[in-house]
Amino acid sequence: MALSNVLETPLPGFNFDNAARNAALEGLYDGGQTPKPMKTGTTIAGVVFKDGVVLGADTRATSGEVVADKMCSKIHYIAPNIYCCGAGTAADTEKTTELLSSNLTIFSQTSGRNPRLVMAVNILQDMLYRYHGQIGASLILGGVDCTGNHLYTVGPYGSVNKMPYLAMGSGDLAALGILEDRYQQDMELDTAKELVRVAIHAGIMNDLASGNNIDICVITREGVDYIRPYQESEYKDRNMKYRYRPGTTPVLTKKVVPLKLEVVQESVQQMETI
Amino acid sequence: MCRNVNGTQPDIQVHPTESGRNGITMNTRGLRSQLKDSVPVAGLCPQGAYGVQDSLRSGFTSVKNELLPSHPLELSEKNFMLNQDKMNFSSLRNIQGLHAPLKLQMEYRAARQIQRLPFLQSSNLALDTLRGNDESIGFEDILNDPTQSEMMGEPHMMVEYKLGLM
């Protein structure tokens, strides 16, 4: 017998109660649309060079046709030696990379070892395949571990690809053109940084959903150099200061009313200072 | 030996889609195998006192909502733990023999019996340690944490229900 007082707590994890309601609502209001989630229509790219990996990303986040964030950070920290660029739905990439980072931290603390890139890739692949693409996150993972310098990409349905140079996001075709043309094995640091910069720049120029500044992250055995921004866009936003010069608004009249107070009661309390 | 002379044509395989009233279609292709031995979708009987549909709390009903899931992930998420366990036990059986999953299932059963009072959520620490979930974080630890749920059942009713006195 089902009693209203006997409580069934919902299972932990995702709750799909509203899916039926949303489907019913969508049918009722023809033309009504649910609000669009913020996407990072993006250009992200990565390149393996002689001493490590260079990752690059633009900084624009769009919500429909509006630029939602001009200084969005798309290169996320995973581990001291692993960083990840994320394209797709902004919230999904953020949360997925945070979960991955937490899992790797727990692992490195219980085992006492630095995580390897294959472990990160496997965790991501399992997680994204479990949700069958509903988590819209296309990620480029790059890092240096005891086995060498690696660059992987994980798609939203859980596909994994390992390549020496990669580009993802809506501007990936433009960036990939540059990378295919100019990539060479065992490049120097400056050549690699310049190559990634040009690739992201091509994405920014040719894709509407990518823009603003370019961030670069260099990962080597010695450490990580996160350069944000590496290149600022020429089209700067106006000054965001909203302080007005005195005299901007003309004063028409001025009236001063003094507030008269009379002392009603006065009491003195000694403060004890020990 | 008789031969079937008037053999019928093989059926043309069509992807089974389901057309809702408002043109909402859903691909129900893999659903039968998921629905077969799974935790039911909407609960065994409608919520509310005396088993009557509670329109205020859960909205209008349709038989479709009770039987079929409205989100493609609903069934697979509900049964995820079950399916994981099944998969692990079956591969363990293939590798090590029947004794391995038997012993493990005995331990799982013992761990599952460690609960708190009827209206309090158990932390399932022993079960988590056995499964290996104590060293990983997933969405089930962040979203809808049962220890932080805002609803609590009435203690006396829950205890009576649990003991069968209700």
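- Contacts of A:F107 with chain B are absent, with no heavy-atom separation under 4.5 Å from either backbone or side chain.
- Using a 4.5 Å cut-off on side-chain heavy atoms (C-beta onward), A:H132 and B:P72 make no contact.
- Looking only at side-chain heavy atoms (C-beta outward), B:D145 and A:P12 stay at 4.5 Å or farther from each other.
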Taking it one step at a time, do A:Y131 and B:E77 satisfy side chain to side chain contact (heavy atoms under 4.5 Å, CB included)?
-> CA-CA 8 Å; A:Y131 294 104; B:E77 276 300 295; 3.3 Å; yes

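- A:Y157 OH: 12 or fewer foreign heavy atoms inside a 6.0 Å radius.
- To the nearest 0.5 Å, atom NE2 of residue B:H71 and atom CG of residue A:N15 are 11.0 Å apart.
- Remark: A:Y129 OH is loosely packed, at most 12 non-hydrogen atoms of other residues, nucleotides or ligands lying under 6.0 Å away.
- Shown here for B:E135 and A:I106, the closest heavy-atom pair between the two residues is O-CG2, 3.5 Å.
- Dense packing is recorded around NZ of A:K162, with more than 12 heavy atoms of other residues, nucleotides or ligands lying under 6.0 Å away.
- From B:F139, atom CZ reaches atom NZ of A:K95 across 8.5 Å, with rounding to the nearest 0.5 Å.
- Among the candidates A:N103, A:T110, A:L104, A:I123, the residue making the largest number of heavy-atom pairs closer than 4.5 Å to chain B is A:N103.
- Listed options A:R130, A:Q134, A:M127 were ranked by heavy-atom pairs under 4.5 angstrom with chain B; first place goes to A:R130.
- The residue from B:D141, B:I137, B:I142 that alone fulfils the side-chain contact (heavy atoms from CB on, under 4.5 Å) condition with A:S102 is B:I137.
- The neighbour count for A:R113 CZ, taken as heavy atoms of other residues, nucleotides or ligands under 6.0 Å away, does not exceed 12.
- Remark: B:S136 OG to A:D126 CG distance equals 11.0 Å, nearest 0.5 Å.
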Candidate pair A:F14 and B:L73, rule side chain to side chain contact (heavy atoms under 4.5 Å, CB included), full reasoning = CA-CA 10 Å; A:F14 287 109; B:L73 280 184; over 6 Å; no

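- Residue A:L208 places its CG atom among 12 or fewer non-hydrogen atoms of other residues, nucleotides or ligands, all under 6.0 Å distant.
- Crowding of B:H99 atom NE2: a count of heavy atoms from other residues, nucleotides or ligands under 6.0 Å exceeding 12.
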